[in-house]
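Computed over heavy atoms, backbone and side chain alike; hydrogens, waters and symmetry mates excluded. One-based numbering, in listed order, for ligands and for the atoms of each.
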Amino acid sequence: MTRRDLDSGTQTLERTRTQRPRLFRVLLLNDDYTPMEFVVEVLRRFFRKSEQEAELIMLAVHHKGQGVAGVYSRDVAETKVAQVMAAARQEGFPLRVVAEPEA
Ligand code: TYC
């Protein structure tokens, strides 16, 4: 956008830049005690995954140590973390889930 300042004859250039909100990955971490079925249920209920997708993600976490459950804005990611941790603790499972900013 260009604006001419009549007093000084100075021309000011303004640029508008739209910032995209930073996205956060919600990661599930593996442990030895949380039942596989519970992790699959978490992926279906909180991350809206299909049965098949949930199975694949759970197994990837089980074998590789961690995996992405979903990608969200910071607020939504932090809410998912809190909800999943609460559900796991309620059942007495040590499941860990964290949010981390995308690269
Ligand atoms: N490793 C667990 C088991 O053998 C299953 C599991 C998968 C736990 C994913 C946590 O994020 C997790 N019962």
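Expressed to the nearest 0.5 Å, how far CD1 of Ile57 lies from CD of Gln52 amounts to 11.5 Å.
Side-chain atoms of Arg89 come within 3.5 Å of backbone atoms of Leu95 as a donor-acceptor pair (strictly under, hydrogens ignored).
Of all the heavy atoms in Leu28 and Val39, the pair that sits closest is CD1-CG1, 3.9 Å.
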Pairs under 3.5 Å, N/O atoms on ligand 1 and on the protein: can you put them in a table with the distances?
| unit_1 | atom_1 | unit_2 | atom_2 | d |
| --- | --- | --- | --- | --- |
| ligand 1 | 1 (N) | Asn30 | OD1 | 2.8 |
| ligand 1 | 1 (N) | Asp31 | O | 2.7 |
| ligand 1 | 1 (N) | His62 | ND1 | 2.9 |
| ligand 1 | 4 (O) | His62 | ND1 | 3.4 |
| ligand 1 | 11 (O) | Leu29 | O | 2.8 |
| ligand 1 | 13 (N) | Thr34 | O | 2.9 |

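Close placement of the Phe38 and Phe93 rings is indicated, their centers lying within 6.0 Å of each other.
By the side chain to side chain donor-acceptor pair (under 3.5 Å) test, Glu55 pairs with no residue at all, sequence neighbours left out.
Taking a cutoff of 4.0 Å between a charged side-chain nitrogen and a carboxylate oxygen, Glu102 and Arg22 do not qualify as a salt bridge.
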